[in-house]
Trainee: 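Structure in structure tokens, see below.
Only heavy atoms go into these numbers, but all of them, side chains included; no hydrogens, no water, no symmetry mates.
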Amino acid sequence: MKKIIKNPTLLITVSMAVFGTIAPFVRKTGLASAEVALYRAVLAASLIGIFLFVTKQKISFKDFKKATLPLLLFSGAAMAFNWIFLFEAYKYTTVSVATLSYYFAPVIVTVACPILFKEKIGLKGWICFAGSTLGIVLITGIGDLSGGKNDLKGILFGLCAAALYATVILLNKFIKEVDGIHRTFLQFLSAVVVLSPYVLLTDGVNVGNMAPVGIVCLLTVGFIHTGITYCMYFTSLKNLPGQKAAILSYIDPLVAVIISITVLKESITPMQAAGGILILGFTLWNEISFTKKS
């Protein structure tokens with residue numbers, strides 16, 4: 001058991017695989033996307049809070065700049081609505097297409113960084129942007145969607161989720177005083193603050209009407225897919241090179257696609273599959289670098 005805990009590669013691999021199985025559990029809750037997102041944040045924040053307390057990892061607010069807390073609140077809100085849009089995508093299209101659309105986020109980050117941080121995009125970056133964009137075009141079927149308007153709506157929800165996730169990534173670049181799991185814990189708390197009034201003003205609280213299977217699925221999403229898995233992810237992330245972590249992160253969409261096709265029996269067209277390969281392939285190529293060994 002100790003060997004498993006001390007193996008960061010295994011921990012992040014398991015984390016990514018677990019992330020990839022979330023869609024069926026979200027669907028089975030029977031709740032509105034916003035309510036699922038709220039309970040996910042509450043359950044995960046509670047579990048991570050206990051983890052930080054037990055491991056005696058205190059959050060120091062002394063080094064916080066004045067702008068840090070507003071950024072954390074805003075990033076938590078972006079994370080919350082990112083979940084909502086992704087869960088909505090699962091309702092209107094297949095898990096494969098929703099997930100592949102969602103993985104357009106790194107492309108958005110690549111394009112936004114030169115504007116926000118004055119980073120230059122080289123030829124490789126533009127090639128990856130063009131290839132990934134072509135992948136999205138293929139996934140949408142170039143106007144010939146087999147799933148009709150609902151499929152297109154699901155793809156748009158997935159792209160909105162990608163844009164919000166890219167926002168979280170970009171905001172995290174400005175939050176330098178808080179790292180890793182501490183930042184995520186505070187973002188979850190921010191998500192709870194933002195989502196609570198939103199849920200009350202929209203669909204309301206319906207957790208009391210849930211079926212037993214829905215309750216089990218909701219607890220699984222909150223505690224396992226988010227709380228435990230985030231702890232595993234950030235515990236392993238600090239002990240892995242960034243490039244290796246980036247490569248292992250692609251286990252998430254691959255597992256999601258496998259679950260979609262084999263377990264949920266959802267279909268994916270050859271064109272959509274080709275689009276998915278382009279998105280994942282070019283974003284992966286953009287994140288890794290090859291160095292010659294002397």
Side-chain angles (χ1 to χ4, degrees), residues 16 19-20 22-23 78-79 81-83 85-90 92-147 151-173 242-261 266-290:
M16 291 299 106
F19 283 144
I22 193 174
M79 178 184 289
F81 284 95
N82 148 56
W83 290 346
F85 279 114
L86 180 60
F87 296 165
E88 283 294 298
Y90 292 152
Y92 290 99
T93 188
T94 64
V95 172
S96 296
V97 171
T99 304
L100 293 172
S101 300
Y102 182 57
Y103 262 76
F104 195 66
V107 181
I108 298 174
V109 173
T110 299
V111 175
C113 278
I115 301 172
L116 296 174
F117 305 104
K118 297 182 180 180
E119 296 178 3
K120 293 183 179 180
I121 300 181
L123 177 61
K124 176 183 174 182
W126 285 115
I127 292 174
C128 291
F129 171 72
S132 299
T133 303
L134 175 60
I136 283 293
V137 173
L138 293 178
I139 284 178
T140 59
I142 319 178
D144 183 27
L145 290 166
S146 59
D151 206 20
L152 178 58
K153 189 182 290 186
I155 292 169
L156 292 176
F157 276 130
L159 290 174
C160 286
L164 285 165
Y165 184 59
T167 301
V168 175
I169 294 172
L170 292 169
L171 286 172
N172 281 341
K173 287 179 174 288
Q243 182 171 309
K244 188 172 184 179
I247 294 173
L248 291 174
S249 70
Y250 284 80
I251 294 172
D252 175 359
L254 293 177
V255 170
V257 171
I258 292 171
I259 292 291
S260 174
I261 296 171
E266 296 175 336
S267 60
I268 183 170
T269 67
M271 187 175 291
Q272 288 174 332
I277 292 171
L278 285 176
I279 292 173
L280 297 182
F282 279 108
T283 52
L284 177 61
W285 183 40
N286 191 48
E287 289 182 24
I288 62 176
S289 60
F290 299 96

Trainee: Does Ile277 have any side chain to side chain contact (heavy atoms under 4.5 Å, CB included) partners at least two apart in sequence or in another chain, and if so, which?
Mentor: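 Result, side chain to side chain contact (heavy atoms under 4.5 Å, CB included) vs Ile277: none returned.
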Trainee: Using residues 158-171 as the side-chain source, report each donor-acceptor pair under 3.5 Å to any protein atom, sequence neighbours left out, with the distance given to one decimal.
Mentor:
from   : atom 1 : to     : atom 2 : distance (Å)
Thr167 : OG1    : Ala163 : O      : 2.8

Trainee: Could you give the distance from OG1 (Thr99) to CD1 (Ile279), rounded to the nearest 0.5 Å?
Mentor: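 So the gap between those two atoms works out to 11.0 Å.
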Trainee: Dump the intermediate steps for side-chain contact (heavy atoms from CB on, under 4.5 Å) on Tyr92 and Ile155, then the final yes or no.
Mentor: CA-CA 8 Å; Tyr92 290 99; Ile155 292 169; over 6 Å; no
Trainee: State whether the side chain of Thr283 and the backbone N or O of Leu280 hold a donor-acceptor pair below 3.5 Å, judged by distance alone.
Mentor: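 Yes.
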Trainee: Could you grab the distance from atom OH of Tyr103 to atom CG of Asp252, nearest 0.5 Å is fine?
Mentor: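 Rounded to the nearest 0.5 Å, the OH-CG separation comes to 3.5 Å.
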Trainee: For Tyr102, what residues pass the side chain to side chain donor-acceptor pair (under 3.5 Å) criterion, not counting sequence neighbours?
Mentor: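 For Tyr102, the residues satisfying side chain to side chain donor-acceptor pair (under 3.5 Å) (neighbours in sequence not counted) are Asn82.
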Trainee: Applying side chain to side chain contact (heavy atoms under 4.5 Å, CB included), name anything that partners Leu284, two or more places apart in sequence or on another chain.
Mentor: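 In terms of side chain to side chain contact (heavy atoms under 4.5 Å, CB included), with neighbours along the sequence ignored, Leu284 is linked to Ile247, Tyr250, Ile288.
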Trainee: Just how far is it from atom CD1 of Ile22 to atom OH of Tyr90, taken to the nearest 0.5 Å?
Mentor: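 Separation between the atoms: 6.0 Å.
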Trainee: If the condition is side chain to side chain donor-acceptor pair (under 3.5 Å), which residues does Ser96 pass it with, not counting sequence neighbours?
Mentor: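 Side chain to side chain donor-acceptor pair (under 3.5 Å) list for Ser96, sorted by chain: Ser260.
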Trainee: Give, for atom OG of Ser249 and atom CG of Leu254, the distance between the pair rounded to the nearest 0.5 Å.
Mentor: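 One finds 9.5 Å between OG of Ser249 and CG of Leu254.
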Trainee: Can you see which heavy atom on Ile259 is nearest to which on Gly20, and at what distance?
Mentor: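 Where Ile259 meets Gly20 most closely, the heavy atoms are CG1-O, 4.3 Å.
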Trainee: Name the atoms and distances for all side-chain donor-acceptor pairs under 3.5 Å in residues 105-114, with sequence neighbours left out.
Mentor:
from   : atom 1 : to     : atom 2 : distance (Å)
Thr110 : OG1    : Pro106 : O      : 2.9
Thr110 : OG1    : Asn286 : ND2    : 2.9

Trainee: Excluding sequence neighbours, so at least two apart, what forms side chain to side chain contact (heavy atoms under 4.5 Å, CB included) with Ile127?
Mentor: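 Ile127 satisfies side chain to side chain contact (heavy atoms under 4.5 Å, CB included) with Leu123, Phe282, Trp285 once adjacent residues are dropped.
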Trainee: Which residue pairs satisfy the salt bridge (Lys or Arg N to Asp or Glu O under 4.0 Å) criterion with at least one member in residues 266-283, sequence neighbours excluded?
Mentor: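 Sorted pair list: Arg27-Glu266.
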Trainee: Which atoms form the tightest heavy-atom contact between Leu86 and Ala98, and what is the distance?
Mentor: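 Here Leu86 and Ala98 meet closest at CD1-O, 4.4 Å.
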Trainee: Compare every heavy atom of Leu100 with every heavy atom of Gln272, then report the nearest pair and how far apart it is.
Mentor: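 Result for this residue pair: O-CD1, 4.3 Å.
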Trainee: Once you round to the nearest 0.5 Å, how far does CG of Leu278 lie from CD1 of Ile136?
Mentor: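 Leu278 atom CG to Ile136 atom CD1 measures 10.5 Å (nearest 0.5 Å).
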Trainee: So if I apply the side-chain contact (heavy atoms from CB on, under 4.5 Å) rule between Ile139 and each of Asp151, Val97, Thr93, Leu134, which one comes out positive?
Mentor: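 Filter result, single survivor: Val97.
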